[in-house]
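First up is the structure itself, then whatever we jot down about it.
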Amino acid sequence: MSARHFLTLMDLSADEFRQLIQRAIELKAIVRNGEIHEPLKNKVMGMIFEKSSTRTRVSFETGMAQFGGHAIFLSPRDTQLGRGEPIEDSAKVLSRMVDVIMIRTFEHEKIETFAKHSQVPVINALTDMYHPCQLLADMQAYWEHRGDIQGKTVTWVGDGNNMCHSYINAARQLDFKLNIACPEGFDPDRELMAAAGNHAEIIRDPMQACEGSDLVVTDVWASMGQEEEQKQREAAFAHYQVDSKMMAQANSDALFMHCLPAHRGEEVSAEVIDGAQSVVWDEAENRLHAQKALLELLMT
Ligand code: CP
Ligand code: NVA
């Protein structure tokens with residue numbers, strides 16, 4: 001049987017996504033109660049990072065340790081991947097040794113190629129196109145604070161980037177409406193938008209896009225790999241900072257989310273990210289629990 005991969009949220013069925021959120025909540029309680037649960041005893045995860053990370057690395061490593069397994073951090077600086085060993089060959093070799101592989105890289109095609117040649121599950125830990133693991137954590141956090149997101153309105157403010165793309169997929173899967181406020185020239189992928197139908201809509205004016213919203217989400221203006229565009233992007237996104245005025249357009253019980261790391265004073269004001277509506281620390285913690293639920297689904 002070929003391995004089951006998780007490259008985008010569309011690799012789950014809508015039911016599996018919902019069940020995964022519930023399982024993540026259970027796994028969180030297990031950790032909080034100090035119970036031992038080791039379904040991956042002696043299993044090993046390979047972790048390939050071609051970009052920096054704090055949350056992703058620590059959550060996967062901790063998750064594997066809590067599950068009774070082990071994780072190996074692999075950076076291109078110290079592996080043959082960084083010296084040009086073909087992706088296909090690396091996938092074949094690594095997947096004969098480890099039981100699951102997590103990859104953070106640039107081009108989405110790279111992880112697709114890797115997965116095609118891997119005997120074991122491959123998990124997308126962020127590509128230029130998607131960040132599906134973050135959405136598992138975000139949707140868990142929404143459920144914990146407000147219950148089912150079905151039928152709710154979510155507003156994405158900022159770049160039509162990898163996080164935005166994963167929110168578009170989540171809107172399709174969990175049946176919510178996603179308003180996307182991005183400046184012209186920074187739209188999300190056209191095909192993804194078309195596939196989402198009525199679930200996603202571009203509303204240029206962020207104040208208007210936040211009206212009646214249950215959740216407001218943003219992310220950095222320049223993602224990893226776009227550092228040299230920082231200045232140009234600061235100008236383009238000048239009116240897209242999520243501040244108290246913008247949050248006031250949303251429903252009074254609206255939540256604020258950001259996958260982190262954040263730049264206070266750029267995409268979000270300190271007042272909002274450190275304020276009462278912000279659940280960013282729960283989102284970050286839930287990376288651990290939601291990814292453990294994902295590992296159970298793919299591996300047991
Ligand atoms: N949100 C997120 O993926 O954080 P890291 O880049 O620290 O892993
Ligand atoms: N869009 C950001 C997310 C970081 C977790 C990036 O790709 O850098």
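Predicted model only: the values in this text are computed from it and were never measured. When a residue number appears, it is its place in the shown sequence, counting from 1. Start at 1 and go down the list; that is how both ligands and their atoms are numbered.
- The protein heavy atom nearest to atom 7 (O) of ligand 2 is Asn162 ND2, 2.8 Å.
- Using bins of under 30°, 30° to 60° and over 60° for the plane-to-plane angle, the ring pair Phe237/Trp221 lands in the parallel bin.
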Give every donor-acceptor pair under 3.5 Å between a side-chain atom in residues 92-102 and any protein atom, sequence neighbours left out.
residue: Ser95; atom: OG; partner: Ala91; partner atom: O; Å: 2.8
residue: Ser95; atom: OG; partner: Gln119; partner atom: N; Å: 3.0
residue: Asp99; atom: OD2; partner: Val44; partner atom: N; Å: 2.7

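- For atom 2 (C) of ligand 2, the nearest non-hydrogen atom from the set Thr127, Thr54, Asp219 belongs to Asp219.
- In this view, Asp148 and Arg18 satisfy the salt bridge (charged side-chain N to carboxylate O under 4.0 Å, His left out) rule, not counting sequence neighbours.
- A salt bridge links Lys28 with Glu144; the closest basic N to acidic carboxylate O contact falls under 4.0 Å.
- Proximity to Leu260 (heavy-atom distance under 4.0 Å) selects the following atoms of ligand 2: 5 (C).
- Taking the six-membered ring wherever Trp is involved, the centroid distance between the rings of Phe176 and His199 does not fall below 6.0 Å.
- Because its NZ or CZ atom is both nearer than 6.0 Å to the ring centre of Phe106 and within 45° of the ring axis, Lys51 counts as a cation-pi partner of that residue.
- Every pair passing side chain to side chain donor-acceptor pair (under 3.5 Å) that includes a residue from residues 150-162 is listed here, sequence neighbours excluded: Gln150-Asp175, Thr155-Ser213, Asp159-Arg233, Asn161-Asp219.
- Closest of all the heavy-atom pairs between Thr56 and Arg287 is OG1-NH2, 2.8 Å.
- For ligand 2, the polar-atom distance check finds no N/O of His131 at less than 3.5 Å from any of the ligand's N/O atoms.
- Ligand 2 does not have Asp128 within reach: every non-hydrogen atom of the residue lies 4.0 Å or more from it.
- Atoms of ligand 2 lying under 4.0 Å from at least one heavy atom of Leu126, given by number and element, are 3 (C), 4 (C), 5 (C), 7 (O).
- Taking only nitrogen or oxygen atoms, main chain and side chain alike, Arg104 does not reach within less than 3.5 Å of ligand 2.
- At least one N or O atom of Ser223, backbone or side chain, sits closer than 3.5 Å to an N or O atom of ligand 2.
- Residue Met224 has at least one N or O atom closer than 3.5 Å to an N or O atom of ligand 2.
- With rounding to the nearest 0.5 Å, the separation of CD in Glu50 from CG in Leu74 is 11.0 Å.
- Counting heavy atoms closer than 4.0 Å to ligand 2, residue Asp159 contributes nothing at all.
- Relative to the six-membered ring of Phe67, Lys41 misses at least one condition, a distance below 6.0 Å or an angle of at most 45° to the axis.
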For ligand 1, run through the N/O pairs with the protein that fall under 3.5 Å and put one pair on each line.
residue: ligand 1; atom: 1 (N); partner: Gln134; partner atom: OE1; Å: 3.0
residue: ligand 1; atom: 1 (N); partner: Cys259; partner atom: O; Å: 2.9
residue: ligand 1; atom: 1 (N); partner: Leu260; partner atom: O; Å: 2.9
residue: ligand 1; atom: 3 (O); partner: Thr56; partner atom: OG1; Å: 3.1
residue: ligand 1; atom: 3 (O); partner: Arg104; partner atom: NH2; Å: 3.0
residue: ligand 1; atom: 3 (O); partner: His131; partner atom: NE2; Å: 2.9
residue: ligand 1; atom: 3 (O); partner: Arg287; partner atom: NH1; Å: 3.0
residue: ligand 1; atom: 4 (O); partner: Arg55; partner atom: NE; Å: 2.8
residue: ligand 1; atom: 6 (O); partner: Arg104; partner atom: NH1; Å: 2.8
residue: ligand 1; atom: 7 (O); partner: Thr54; partner atom: N; Å: 2.7
residue: ligand 1; atom: 7 (O); partner: Arg55; partner atom: N; Å: 2.9
residue: ligand 1; atom: 7 (O); partner: Arg55; partner atom: NE; Å: 3.1
residue: ligand 1; atom: 7 (O); partner: Arg55; partner atom: NH2; Å: 3.0
residue: ligand 1; atom: 8 (O); partner: Ser53; partner atom: OG; Å: 2.7
residue: ligand 1; atom: 8 (O); partner: Arg55; partner atom: N; Å: 3.4
residue: ligand 1; atom: 8 (O); partner: Thr56; partner atom: N; Å: 2.8
residue: ligand 1; atom: 8 (O); partner: Thr56; partner atom: OG1; Å: 2.7
residue: ligand 1; atom: 8 (O); partner: Arg104; partner atom: NH1; Å: 3.4
residue: ligand 1; atom: 8 (O); partner: Arg104; partner atom: NH2; Å: 3.4

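- Residue Asn161 approaches ligand 2 through these ligand atoms, each under 4.0 Å from one of its heavy atoms: 1 (N).
- Note that Arg57 lies outside the cation-pi zone of Phe49, set by a 6.0 Å cut-off to the ring centre and a 45° limit from the axis.
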